[in-house]
Amino acid sequence: MTALMPYLDTYHPDRVDTASIRSLLARVGRLDLLKDGWNRPLVIEHVFKDERPRYKIISLGRDGQRGPCCRQVVYNWDDDAVLSGDEWLQVWTMRGEAPPNKSH
C-alpha cells in the first residue's frame, strides 16, 4: 500500500476503479501493487484534504469484507488496513505473526 501511494500522488488518476488503476500500474510496470497479501484488489478512494486531491487505499483484510474504520491499530487480520496519503488511519499490528505480504 505504501508502495502504491506515490504512483497515485504522481499521476493523480481521476478515476479510481479497478480497471483505471490497473491501466496506470500496467503503464509503470507495477501490476504487483494492485492486490493485497490475500490476492484481492485494493480499494482506492478519492479524498480531498486542504483542497488537494488525495487518495485512500484500503485492504479489506483476510475476510475480504468492508469493516469499520478507524481505530489506529487493529489486532485482527479480518479488519481493514487504511492508508490515507502518508497517514495510517488503521493498521494491523500482530504479536508474533508476520503480515501476509510486507511489500504492500
Side-chain angles (χ1 to χ4, degrees):
M1 293 168 64
T2 56
L4 173 57
M5 190 62 75
Y7 292 104
L8 299 174
D9 288 339
T10 298
Y11 294 99
H12 300 288
D14 291 327
R15 297 175 47 120
V16 293
D17 59 277
T18 301
S20 297
I21 298 303
R22 177 181 302 281
S23 176
L24 165 67
L25 293 176
R27 285 194 316 264
V28 297
R30 292 302 312 262
L31 283 173
D32 60 305
L33 300 179
L34 186 61
K35 296 184 178 185
D36 66 13
W38 289 278
N39 205 32
R40 289 190 191 90
L42 293 164
V43 176
I44 301 171
E45 299 175 348
H46 273 122
V47 177
F48 289 89
K49 184 176 181 179
D50 302 326
E51 298 182 23
R52 292 180 19 225
R54 308 264 314 236
Y55 300 91
K56 184 187 293 184
I57 304 172
I58 303 164
S59 169
L60 299 178
R62 176 177 53 197
D63 67 0
Q65 302 294 315
R66 191 71 180 254
C69 184
C70 289
R71 294 170 286 154
Q72 187 166 6
V73 176
V74 292
Y75 298 94
N76 184 333
W77 290 121
D78 292 335
D79 290 329
D80 301 348
V82 182
L83 179 64
S84 182
D86 60 357
E87 177 184 4
W88 284 101
L89 301 181
Q90 185 161 290
V91 66
W92 297 300
T93 298
M94 302 295 159
R95 296 182 186 119
E97 192 175 339
N101 187 338
K102 288 180 146 183
S103 67
H104 299 188

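Model, not experiment: these values are computed from the prediction.
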**Prompt:** So, the side chain of Arg40 versus the backbone of Gly61: is there a donor-acceptor pair under 3.5 Å, distance only?
**Reply:** yes
**Request:** Enter the distance from Leu24:CG to Tyr7:OH here, rounded to the nearest 0.5 Å.
**Result:** 9.0 Å
**Message:** Show the nearest heavy-atom pair for residues Leu31 and Ala26, with the distance to one decimal.
**Reply:** CD2-N, 3.8 Å
**Asked** What distance do Asp32 atom CG and Leu4 atom CG have between them, rounded to the nearest 0.5 Å?
**Response** 10.0 Å
**Message:** Ignoring hydrogens, what is the shortest heavy-atom contact between Lys35 and Leu42? Give both atom names and the distance.
**Reply:** C-CG, 4.1 Å
**Message:** Any heavy-atom pair between the side chains of Asp86 and Arg54 that's under 4.5 Å?
**Reply:** yes
**Message:** For Val74, is there any backbone N or O sitting under 3.5 Å from a side-chain donor or acceptor partner on Gln90?
**Reply:** no
**Item:** Side chain to side chain, Leu83 and Val91, heavy atoms closer than 4.5 Å
**Value:** no
**Fill in**
Note: Thr93 and Tyr75 closest approach over all heavy atoms is O-CD2, 3.0 Å
**Prompt:** Roughly how far apart are Cys70 SG and Asp79 CG, rounded to 0.5 Å?
**Reply:** 11.0 Å
**Prompt:** With a cut-off of 6.0 Å (strictly less than), are more than 12 heavy atoms of other residues, nucleotides or ligands near CD of Gln72?
**Reply:** no
**Item:** Side-chain heavy-atom pair Glu45, Tyr55 within 4.5 angstrom cut-off
**Value:** no
**Message:** Measuring only between side-chain heavy atoms, which start at C-beta, is Arg66 closer than 4.5 Å to Asp80?
**Reply:** yes
**Asked** Which pair of non-hydrogen atoms, one from Leu8 and one from Pro13, has the smallest distance, and what is that distance?
**Response** O-CD, 3.6 Å
**Request:** Indicate yes or no: at least one non-hydrogen side-chain atom of Thr2 is less than 4.5 angstrom from one of Trp88.
**Result:** yes
**Message:** Nearest 0.5 Å, please: how far is CE in Met5 from CD1 in Ile44?
**Reply:** 8.0 Å
**Request:** Taking all heavy atoms of Leu60 and all of Asp36, pick out the closest pair and write down the distance.
**Result:** N-OD2, 4.1 Å
**Request:** Could you give me the CA-CA distance, side-chain angles and deciding distance for Gln65 and Asp78, then say whether side-chain contact (heavy atoms from CB on, under 4.5 Å) is met?
**Result:** CA-CA 8 Å; Gln65 302 294 315; Asp78 292 335; over 6 Å; no
**Prompt:** When rounded to the nearest 0.5 angstrom, what is the spacing between OH in Tyr11 and CG in Leu25?
**Reply:** 10.0 Å
